[in-house]
Protein chains: 2
Amino acid sequence: MLENRPLYLQARDALMRQIAEGTLQPGDFLPSEQQLAATLGISVGTVRKATEELVAQGILDRQHGRGTQIVPHTSDRSRFRFFRFIHPDGRQARLTARLLTRKTQNPNREEQLRLSLSKNDQVIVITRARSENGVPLVFERICIPAKRFERLSVESDRDMVEEIYVLYQKQCGEMVRSATDEIEYDLASSSVSKELKIAAGSPVLLVKRVAVSLANEPLEFRQSWTQALRYRSHLE
Amino acid sequence: MLENRPLYLQARDALMRQIAEGTLQPGDFLPSEQQLAATLGISVGTVRKATEELVAQGILDRQHGRGTQIVPHTSDRSRFRFFRFIHPDGRQARLTARLLTRKTQNPNREEQLRLSLSKNDQVIVITRARSENGVPLVFERICIPAKRFERLSVESDRDMVEEIYVLYQKQCGEMVRSATDEIEYDLASSSVSKELKIAAGSPVLLVKRVAVSLANEPLEFRQSWTQALRYRSHLE
DNA sequence: GAGTGGTCTAGACCACCCA
DNA sequence: GGGTGGTCTAGACCACTCA
């Protein structure tokens with residue numbers, strides 16, 4: 001460790017890098033704090049401090065007596081648990097997703113802006129219907145840079161229970177660090193109303209999300225149309 | 001320190017209590033870590049750990065070489081900075097609030113449910129208009145248990161720049177730990193449309209927030225009507 | 001230069017999980 | 001019972017702020 005940045009930051013970033021590169025996979029356990037300290041030539045307290053922030057971010061999960069696991073974020077409940085779709089009556093929805101279309105094309109102006117692309121870059125546009133027990137609740141349009149996600153394959157033949165962020169990470173090595181959502185009302189277009197089985201022109205909520213990578217580059221611009229949702233903010 | 005909870009939690013809560021009670025005021029500096037450790041009979045490292053969470057929550061601000069200050073959280077930017085109202089064109093709003101009405105009455109069914117009250121408990125209902133440079137952007141209805149907030153006085157004669165959470169804390173010793181928001185669309189009622197200066201029946205967003213205390217008891221049920229908003233989730 | 005927080009160490013003991 | 005993380009200590013040295 002030659003750098004003059006604090007050791008715990010160097011250690012944190014080293015771990016982060018290994019996770020981002022896939023050397024350490026979600027679901028794996030880290031070496032014990034003792035072993036890490038020995039390997040890195042630093043003290044256990046410094047290792048703890050290095051992992052603390054990753055735990056707070058939900059990337060690692062420390063389990064007393066078992067070890068420290070890289071969180072297998074297999075659904076939006078793990079990484080994006082602050083954000084939920086709910087039924088009009090308040091019940092929480094447990095959604096699966098079904099692929100509708102997938103196209104590679106040039107981005108429109110908003111997509112260029114949101115993803116920091118020029119008009120000649122290509123994007124992959126995916127539309128999905130998300131439902132619970134066969135009842136459609138969310139219509140989704142996902143736009144991602146083609147360059148980063150060339151290798152992405154989305155099976156169309158069966159429902160996806162997994163969050164698409166898992167596919168990004170597994171297939172393309174892209175990890176989502178954070179997301180910003182904007183919420184507006186909208187009137188259901190013909191495709192939205194058809195999938196949600198509501199009348200065209202009905203009022204709906206439109207959530208626009210931009211998800212960014214570990215390096216803070218925009219990875220995804222997603223639009224979700226739905227009827228109600230719930231946020232949990234500021235967990236203890 | 002007789003309790004068998006971890007010392008750093010006891011120390012954290014002791015600090016929190018003094019802040020909530022007003023013994024320590026926003027803007028004050030804490031005693032130095034050395035002094036705190038000596039006073040509490042614990043080690044400096046444990047004091048650090050006690051303050052770490054409060055720093056992360058934005059309640060304390062550690063300044064290298066100067067000391068640790070209790071954040072003067074004079075606006076929603078400090079505690080609830082994940083949640084923003086935005087203009088339709090994307091600019092971020094900086095809001096002041098103007099009191100419209102204040103009444104003490106019995107809660108309706110939804111208010112009973114949200115605040116865990118029975119129908120004989122009384123609530124204080126406050127309505128406010130929130131605006132930016134005189135342009136009304138949000139209409140708000142705040143419902144709080146009368147018992148907890150007997151001493152709350154809200155000046156009606158001038159704009160409130162301060163977040164109402166500051167008043168809760170200063171005047172009634174009630175601190176908000178977290179909040180859950182639900183978002184729906186609604187059609188503007190006559191009072192909403194009047195204050196937002198839009199046509200009655202226009203579509204608007206309705207944010208329903210329940211804020212809870214340090215002890216996880218519901219403190220406030222708030223409804224905000226607006227045209228657009230933005231969430232930032234999962235800060236780095 | 002005195003005092004503050006920021007980093008780091010090398011230990012101790014405890015609580016939990018699991019074979 | 002062996003290994004893990006959780007708490008806690010008592011120091012060390014550094015970096016920053018302010019008089």
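All values derive from a computational prediction rather than experimental measurement. A note on names: the letters A, B, ... follow the listed sequences, proteins ahead of strands, and every chain is numbered from 1. Quick note: numbers below take in every heavy atom, side chains included, and nothing from hydrogens, waters or symmetry partners.
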Grab the CZ-C1' distance between B:Phe29 and D:dT17 for me, whole Å please.
11 Å

Lys/Arg-Asp/Glu bridge criterion (N-O < 4.0 Å) met for B:Arg12, B:Glu53:
yes

Compile the donor-acceptor pairs under 3.5 Å between side chains in residues 23-32 of chain B and protein atoms, sequence neighbours left out, one pair per line.
| from | atom 1 | to | atom 2 | distance (Å) |
| --- | --- | --- | --- | --- |
| B:Gln25 | NE2 | B:Gly22 | O | 3.0 |
| B:Asp28 | OD2 | B:Gln25 | N | 2.9 |
| B:Ser32 | OG | B:Gln35 | N | 3.2 |

Annotated protein contacts, base or backbone, on nucleotides 2-15 of chain D with a non-hydrogen cut-off under 4.0 Å, one of B, S, - each:
-BBBSBSB-----B

I'd like to know if the side chain of B:Thr226 and the backbone of B:Leu137 have a donor-acceptor N/O pair within less than 3.5 Å.
yes

Euclidean distance, atom CG of residue B:Asn4 to atom C1' of C:dA15 [Å, nearest integer]
12 Å

Between B:Arg62 and B:Thr51, does any side-chain donor sit less than 3.5 Å from a side-chain acceptor?
yes

Do A:Gln69 and A:Gln63 have a side chain donor and acceptor closer than 3.5 Å?
yes

